[in-house]
Amino acid sequence: MTLGMPEAVLAAVLVSATACLIGLAARLSQKSAAVRRLDPTFRSHAVNEAPALSVAGTARLRAPSWLPAALVDAGCDLSPDTVWSAWVGGAGLSMAIAAVVSGPVLALLVTLVAVVAPLTVLRVSRGRGPARLEAALPEGLESVARALRSGASLRQAIGEAASATPGPLGQELLRVSVEATHGMPLLAALEALAVRRPLPGVRLAVAALCLGVETGGAQARAVDGVATTLRERLAVAAEARALASQARMSALVIGLAPIGFGVFAATTDPKTAQFLLHTSAGVTLLAAGLTLDGLGWLWMQRLCRVTR
């Protein structure tokens, strides 16, 4: 399709606006990463008092209530408002560009893809955030144990481990350290971590640290033992996931094989296609076969899900 001069100019403007949107999202993500390293008390004031920024630079779109939890579960470190602004702005700009280039039908399809694609990514990435946090626990606990052996208190050891541990676990340890520094009992700060992150590995680590707070003793040895236990559990879980992935792939092949054979038979033999698609008995058998095939695939997926 050949664009006229006005359409070409408008398309160029929209493309430039999209580039500006991506640049703004990158700057906001850098700012949010810096703010997350601050004291949670100051961070809450900064978030509440700072003016919201939008795609145009005046009022950022507020994210819906479900998006922050979804981003944390997916392991995304970007600000929810930043993600929501880029999501809405990208969908609008994509629709405008498609409408200018190819008309309203393509614009509707492009908008649908722009809206559904991020939801699909969030669903596919579900559980990645907690998995990242648990995977970092052994290294974080070993950092705590090293600091304890150097003579630091448990609160100081947690603060040193927070600075040496990247990702969400480092942020959680930093929050515990800051809360304990500002007057909250260390035991309460650790228990609050277990409430915020109700994961088996986190509960085990918090139990060991709380035991060290209450009884003292050889804290470094106990923390090292928990780190070793968590590392072994992660290795077993990784092996189980690998075996489950093989089983799910086998289930996919078994589920698609009858469909592929049916399509091959219908395309190579006109009588088979005539029977399956143009007779009541053929349609009944086809529907029954597809239903049973789908139920079998769902059942195999259910069996594989037990080992996740």
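Closest non-hydrogen pair, Ala147 versus Ser150, comes out as O-OG, 2.6 Å. What you find for Gly140 and Ala161 is that their closest heavy atoms are O-CB, 3.9 Å. Counting all heavy atoms, side chain and backbone alike, Leu137 lies closest to Leu230 at CB-CD1, 3.9 Å. Minimum heavy-atom separation, Gly159 to Ser177: CA-OG, 3.6 Å. Closest approach of Asp293 and Pro258 over heavy atoms only: OD1-CG, 3.6 Å. Between Leu141 and Val226, the shortest heavy-atom contact is CD1-CG1, 3.7 Å.
Linking Ile, Leu, Val, Met, Phe, Trp and Tyr whenever their side-chain heavy atoms come within less than 4.5 Å leaves Trp87 and Val116 in two separate clusters. Both Leu256 and Met249 are assigned to one and the same hydrophobic cluster, defined by single-linkage of ILVMFWY side chains at heavy-atom distances under 4.5 Å. Both Ile259 and Leu277 are members of a single hydrophobic cluster when ILVMFWY side chains are connected at heavy-atom separations under 4.5 Å. A single hydrophobic cluster is seen to contain both Val223 and Leu199, as judged by linkage of ILVMFWY side chains at heavy-atom distances under 4.5 Å, directly or through other members. The hydrophobic cluster containing Val88 also contains Val83, counting ILVMFWY residues as joined when their side-chain heavy atoms lie under 4.5 angstrom apart, directly or transitively.
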Validation: residues 185-198 side-chain donor-acceptor distances under 3.5 Å, sequence neighbours left out:
from, atom 1, to, atom 2, distance (Å)
Arg196, NE, Glu172, OE1, 3.0
Arg196, NH2, Glu172, OE1, 2.8
Arg197, NE, Glu172, OE2, 3.0

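Under the 4.5 Å side-chain criterion, counting only non-hydrogen atoms from C-beta, Pro200 is in contact with Arg233. Considering only heavy atoms from C-beta on, Thr165 stays 4.5 Å or farther from Leu174 through its side chain.
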Item to complete: Would you sort out whether Trp297 and Leu252 count as a side-chain contact (heavy atoms from CB on, under 4.5 Å), showing the intermediate values?
Response: CA-CA 7 Å; Trp297 180 80; Leu252 181 62; 4.1 Å; yes
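Atoms CG and CD1, on Leu93 and Ile97 in that order, are 6.0 Å from each other to the nearest 0.5 Å. Atom CD of Gln274 is separated from atom CG of Asp269 by 11.0 Å, given to the nearest 0.5 angstrom. Note: Leu133 CG to Leu169 CG = 5.0 Å, rounded to the nearest 0.5 Å. Taking CD1 of Ile158 as the start and OG of Ser143 as the end, the distance is 12.0 Å to the nearest 0.5 Å.
Between Glu160 and Arg155 there is no salt bridge, since no side-chain nitrogen of the basic residue lies less than 4.0 Å from a carboxylate oxygen of the acidic one. Salt bridge absent: Asp224 and Arg146 never bring a charged side-chain N and a carboxylate O closer than 4.0 Å.
Looking at Gln156, its side chain does come within 3.5 Å of a backbone N or O of Ser153 through a donor-acceptor pair.
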